[in-house]
Amino acid sequence: MTSMDAKLALIVSDSAKAQDGARALRDSHPWVSQQEADILVVLGGDGFLLHVLHEMLDGQPIKPVYGMNLGTVGFLMNGPHDGVPISTRVAEAHRVPVRPLRMHARANDGREYSYYAINEVSLLRETRQTAKLEVRINGHVRMEELVGDGILVATPVGSTAYNLSANGPILPLGSRMLAMTPLSPFRPRRWKGAILPESAEVEFRIREPGKRPVAAVADQKEVRDVASVRIIASAKKELTLLFDPGFTLEERIFAEQFQV
């Protein structure tokens, strides 16, 4: 089966803008249900696209996704409907693999949680007290104590989101790297973070968790009062995003790096 022959499902955000845009598409193609589809066409913004991707990570069958921007930023999306048949746009699109992070968090009460993150996993102080974290990479202690507001680990896709606002590095797609970026570090004062291979297993252990509670957040899923957090990239749950020629996510990542 070629991409031109692929069965497409139309998934639309509840926003008025996305619903209006869907009217121009509904009669232009023989859509099928999400269960029958080979490829999902998602109308909305980045937040809605991430919602659809998380639904697949949480149990829905994983299928390639072609996003069409009818939201605000649309960094992960293609341009809106331009009159070109949607089957043609999907058939000509480039495939970009996206490997999510899996966060395993253990709370102070002993309960354990596991969530996926497409953008980043972040650890954040819960009170006015700074967080104190021990940083381990592949089982080895690399930093005995990081003091500050917290830290995050971002994928290449997520490196242009929260990570960028925290002055973290932008990672090219296909680099198979992760960005580890501190949040308002107090000690060590000059540490700017690290770039790690995607194969690295990252673990954070919270020091003085009773006095300095820390929350762990995998995209939108939060676990409060954590004792430790382990993060690995998941090859088994690799996602696929589709982008129009000349409108690739990689090109947008390049553009972000040269903004003035």
Side-chain angles (χ1 to χ4, degrees), residues 11 34 37 39-40 42 44-67 73-78 93-106 112-124 137-138 150-166 168-181 193-204 215-223 226 228-243 248-250 252-253 256:
I11 314 297
Q34 184 170 346
I39 296 173
L40 308 183
V42 176
D46 286 340
F48 183 66
L49 178 68
L50 288 172
H51 169 74
V52 172
L53 294 175
H54 272 290
E55 283 188 332
M56 293 192 288
L57 290 175
D58 292 339
Q60 293 280 355
I62 293 179
K63 299 175 181 182
V65 173
Y66 179 94
V73 178
F75 190 82
L76 299 175
M77 316 292 276
N78 296 284
H94 297 294
R95 292 177 173 244
V96 175
V98 174
R99 190 167 290 182
L101 301 175
R102 185 155 196 177
M103 177 186 81
H104 300 273
R106 181 169 59 84
E112 297 189 356
Y113 303 83
S114 181
Y115 297 119
Y116 288 101
I118 296 164
N119 279 345
E120 77 281 315
V121 173
S122 53
L123 275 70
L124 308 166
I137 310 293
N138 295 331
I151 195 168
L152 63 82
V153 176
T155 65
V157 168
S159 70
T160 58
Y162 188 9
N163 173 71
L164 181 59
S165 70
I170 295 176
L171 302 176
L173 289 179
S175 64
R176 296 299 188 190
M177 306 297 284
L178 303 174
M180 178 186 286
T181 302
I195 295 176
L196 308 173
E198 190 180 66
S199 59
E201 180 178 301
V202 178
E203 185 177 3
F204 302 109
V217 184
D219 286 350
Q220 303 93 350
K221 302 286 182 66
E222 181 182 59
V223 180
V226 294
S228 64
V229 174
R230 184 167 58 91
I231 302 165
I232 57 173
S234 177
K236 293 181 179 179
K237 289 282 190 173
E238 188 170 272
L239 303 163
T240 301
L241 297 180
L242 303 178
F243 291 96
T248 65
L249 183 56
E250 188 169 63
R252 270 166 277 181
I253 286 178
E256 285 285 344

Between CE on residue M56 and OG1 on residue T240, distance to nearest 0.5 Å: 8.5 Å
Check: L101 and E120 side chains under 4.5 Å, non-hydrogen atoms: no
Distance (rounded to the nearest 0.5 Å) between L164 CG and S159 OG: 7.5 Å
Heavy-atom pair with the smallest gap, counting every atom of D219 and H54: OD2-NE2, 2.7 Å
Exercise: identify the closest heavy-atom pair between Y116 and A218: O-CB, 3.8 Å
Straight-line distance of L53 CG to I118 CD1, nearest 0.5 Å: 4.5 Å
Close side-chain approach of L124 and V217, heavy atoms under 4.5 Å: yes
Side-chain heavy-atom pair V202, I137 within 4.5 angstrom cut-off: yes
Within-4.5 Å side-chain heavy-atom neighbours: M103 and V226: no
Check: P169 and N163 side chains under 4.5 Å, non-hydrogen atoms: yes
Side chain proximity check, M77 to D46, heavy atoms < 4.5 angstrom: yes
Closest heavy-atom pair and its distance - L171, A154: CD1-O, 4.1 Å
Stepwise side-chain contact (heavy atoms from CB on, under 4.5 Å) test for V65 and L239: CA-CA 8 Å; V65 173; L239 303 163; over 6 Å; no
Qualifying residue, where the test is side-chain contact (heavy atoms from CB on, under 4.5 Å) with L123 and the options are V223, L152, V229: V229
Heavy-atom side-chain proximity of R230 to E201 below 4.5 angstrom: yes
From L76 atom CG to T160 atom OG1, the distance as rounded to the nearest 0.5 Å: 7.0 Å
Side-chain donor/acceptor of K63 to backbone N/O of L40, under 3.5 Å: no
Atom pair OG1 (T155) and CE (M177), whose distance is rounded to the nearest 0.5 Å: 13.0 Å
For E198, salt bridge (Lys or Arg N to Asp or Glu O under 4.0 Å) partners two or more places apart: R99, R176
Taking every non-hydrogen atom, the tightest pair across T181 and A166: CG2-O, 3.6 Å
Minimum side-chain heavy-atom gap Y66-N78 below 4.5 Å: yes
Between CD1 on residue I231 and CZ on residue F204, distance to nearest 0.5 Å: 5.0 Å
